[in-house]
Amino acid sequence: MTGRYKAPRGTQDILPEDQPHWDFVREVAARISKAFGYEAIKTPVFEEASLFTRGVGEVTDIVQKEMYIFNDRSGLDLALRPEGTAPVCRAYLEHGMHNLPQPVRLWYWTPIFRYDRPQAGRYRQHHQFGAEAIGDSSAAVDVEVIELLWRLYEELGLTNLTLQLNSIGDGKCRPHYLEVLRDYYRDKLDRVCDDDRVRFEQNPLRLLDCKQERCQPIIAGAPPITDYLCDDCTAHFTELTALLEAADIPFTVNPRLVRGLDYYTRTVFEVIPPEEGAQSTIGGGGRYDGLIELLGGRPTPGVGFATGIERTILNLQRQGIAVPQRDRPRIYVAIQTPAARVPAFRLASDIRRAGISAVVSTGDRSLKAQMRHADALGATYVAILGENELAAKSATLRQLADGAQETVPLIDVASRVGRANAR
RNA sequence: GUGGGCGUAGCGUAGCGGUUAACGCGCCAGGUUGUGGCCCUGGAGAUCACGGGUUCAAAUCCCGUCGUCCACCCCA
């Protein structure tokens, strides 16, 4: 029976059958974060809208056309979180985390909302796992977060991923580069796409990111930003690449890699899977040394990444990676006579108290139907309580895999079922 | 936001102008006397995405809306 309602456009239900993949990624993410000394943080699903318009940047796509904005009953301008970094930085400031040992290492797992046109691997509500290291400007921290991300994919079993890396300079050298870039483009504007003419005015760095066929030759001839970095940025980038090599993390320097959020400085990176497709990027991040100050704090450096859970799972499936199976009840308690109902409930209750999962028959199916049911649920054992068993205070314990059957005193069922090939 | 493909039971599909919309999987129940998986039988389950139009007649043709997929855009 199909109901009237459907999940809103671009959203989806994550069903029991999907959980094994989610549990797997979540478990690995939490474990690796912990291994790197990162601690979990949860921030509200909504924030003051200006946190994002200011933090992420007025001219970014996220702010200009993708935010879910609403007024609450007091008229406050709020936005559903469109990205994870700004809220974490807000929390860092709000809770005086500069008084903690620096850098503060945090990770999060959270829904993200963007009013985008949905596609496979692109949703209006999706989830991101991310990590941020705030309060340390050294390249070693950049490498740390990249290594954390890389290790995640490694432990998940994903292969053939590519790490792309670039430095987009800082407040000292980038303005100069942008002028160089503008000078280069100025006499070519008649040959580029319409979007690029807007980018030329508003966000010239993004010119390098254009995917239009006709713009490619022009991009190819553009001066690479890496040639225009100041000494500090160059030193940072040089150390970064040296450390990545030392950590055995393969990377490709892509001088045209630009990210869609304004707060990035120096290091930016993206991880791309082997399959073609528009929504290819599964993870990315970078350094954001100006963000905290922009949000009203003392100048504080930071670096982090985020990876999309849905896209990560999509790639797990594409690569045929097996994940731990979903849980099945250890035992199903079936009754042959209504008189067994109460003892059956007691038995199931005792088994659960012993930490073993048990499903007890409900309703009044025939024993045959209960057996079928137990099999469909994937139970390992069935305990049958009939008149004979009640009289003997025991249960007939059947192992579904091979049909082996024995009579076991009720008080021994839990321990009998809990031993031997417990999952 | 732009362009294109698709939209039939929970899932996968058939039907593509003409009487009660079909099949597979799944679900429920039975196949005699207390027992699953295979097999057999039966049952439930579909306003044929929604709304309008054309026609004597529409799941089938046309338009719109919504959803989904693909590309663009953007990103995770």
Side-chain angles (χ1 to χ4, degrees), chain A residues 1-13 15 17 25 56 60-66 81-85 109-130 149 193-196 198-199 203 206 209-213 258-261 270-273 276-285 305-315 332 334-337 340 361 363-390 395-405:
Chain A
M1 190 128 27
T2 309
R4 227 182 250 346
Y5 292 107
K6 288 188 283 190
R9 178 167 210 205
T11 68
Q12 55 174 351
D13 298 313
L15 301 171
E17 67 207 54
V25 178
V56 176
T60 58
D61 278 17
I62 287 180
V63 165
Q64 284 186 337
K65 48 191 197 191
E66 294 175 4
R81 168 176 39 225
E83 66 96 42
T85 300
W109 176 285
T110 182
I112 299 284
F113 304 87
R114 289 184 199 165
Y115 188 84
D116 245 350
R117 182 104 174 227
Q119 245 171 278
R122 193 173 78 184
Y123 306 97
R124 289 184 172 180
Q125 175 178 345
H126 75 277
H127 298 75
Q128 290 185 2
F129 160 61
L149 179 62
C193 63
D194 293 345
D195 285 342
D196 273 3
V198 177
R199 293 188 182 112
N203 200 346
R206 298 284 303 286
D209 201 29
C210 185
K211 274 95 182 171
Q212 293 291 317
E213 195 62 42
V258 170
R259 308 222 67 231
L261 287 65
E270 274 183 17
V271 178
I272 298 161
E276 299 298 316
Q279 290 72 50
S280 52
T281 304
I282 64 173
F305 70 78
T307 181
I309 308 306
E310 285 83 352
R311 286 185 188 178
T312 300
I313 289 173
L314 187 67
N315 280 280
Y332 184 97
I335 58 175
Q336 185 269 321
T337 163
S361 171
D364 39 33
R365 302 171 129 112
S366 65
L367 183 59
K368 186 190 188 75
Q370 292 177 67
M371 294 300 292
R372 237 197 307 259
H373 193 209
D375 188 53
L377 294 181
T380 307
Y381 291 93
V382 174
I384 301 169
L385 299 189
E387 313 212 332
N388 299 340
E389 287 83 355
L390 289 184
T396 295
L397 193 60
R398 182 182 179 87
Q399 206 156 356
L400 286 181
D402 55 10
Q405 208 162 281

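Atom set for the values below is all heavy atoms of this structure, side chains included, hydrogens, waters and symmetry mates excluded. A, B, ... follow the sequence lines: proteins, then strands. Residue 1 opens every chain.
Looking at heavy-atom distances under 4.0 Å, A:Gly363 makes no contact with the nucleic acid at all. At the heavy-atom level, A:Glu389 lies under 4.0 Å from base atoms of the strands shown. Contact annotation for A:Arg114: base contact, defined as any heavy-atom pair under 4.0 Å involving a base atom. At the heavy-atom level, A:Ala7 lies nowhere under 4.0 Å from the strands shown. Using a 4.0 Å heavy-atom distance criterion, A:Glu66 is classed as a sugar-phosphate-only contact. Using a 4.0 Å heavy-atom criterion, one finds that A:Gly130 contacts no nucleic acid atom at all. Here A:Thr312 lies out of heavy-atom contact (under 4.0 Å) with every strand. Using a 4.0 Å heavy-atom distance criterion, A:Arg365 is classed as a sugar-phosphate-only contact. In this structure, A:Ala369 reaches the sugar-phosphate backbone alone: every heavy-atom distance under 4.0 Å involves primed, P, OP1 or OP2 atoms, never a base.
The A:Lys6 side chain lies nearest to B:G67 when the options are B:G34, B:G67, B:C28. Between B:C73, B:A76, B:G37, one nucleotide has an atom nearer to the side chain of A:Arg398 than all others, and that is B:G37. With distances taken from any side-chain atom of A:Gln119 to the nucleotides B:U35, B:G34, B:C70, the minimum falls on B:C70.
Atom CZ in A:Arg124 sits roughly 19 Å away from atom P in B:C73 (whole-Å rounding). Rounded to whole Å, atom P of B:G10 lies 18 Å from atom OH of A:Tyr5. What separates CE of A:Met371 from C1' of B:A29 is a distance of 17 Å, to the nearest Å. The distance from atom CZ of A:Phe113 to atom C1' of B:C75 is 17 Å, rounded to the nearest whole Å. Spacing between atom CG of A:Leu377 and atom C1' of B:G36 amounts to 11 Å, rounded to whole angstrom units. Counting to the nearest Å, the P atom of B:C38 and the CZ atom of A:Arg372 are 10 Å from each other. What separates CG of A:Leu15 from P of B:C11 is a distance of 11 Å, to the nearest Å. As a whole-Å value, the separation of A:Tyr115 OH from B:C73 P is 20 Å.
For the pair A:Arg81 and A:Phe113, the cation-pi test (distance below 6.0 Å, angle within 45°) is failed.
Across all strands shown, B:U65 forms a Watson-Crick or G-U wobble pair with B:A49, both key distances being under 3.5 Å.
Rounded to the nearest Å, the gap between the C1' atom of B:C16 and that of B:U60 is 4 Å. B:G36 and B:U19 are spaced 44 Å apart, taking the P atom of each and rounding to whole Å.
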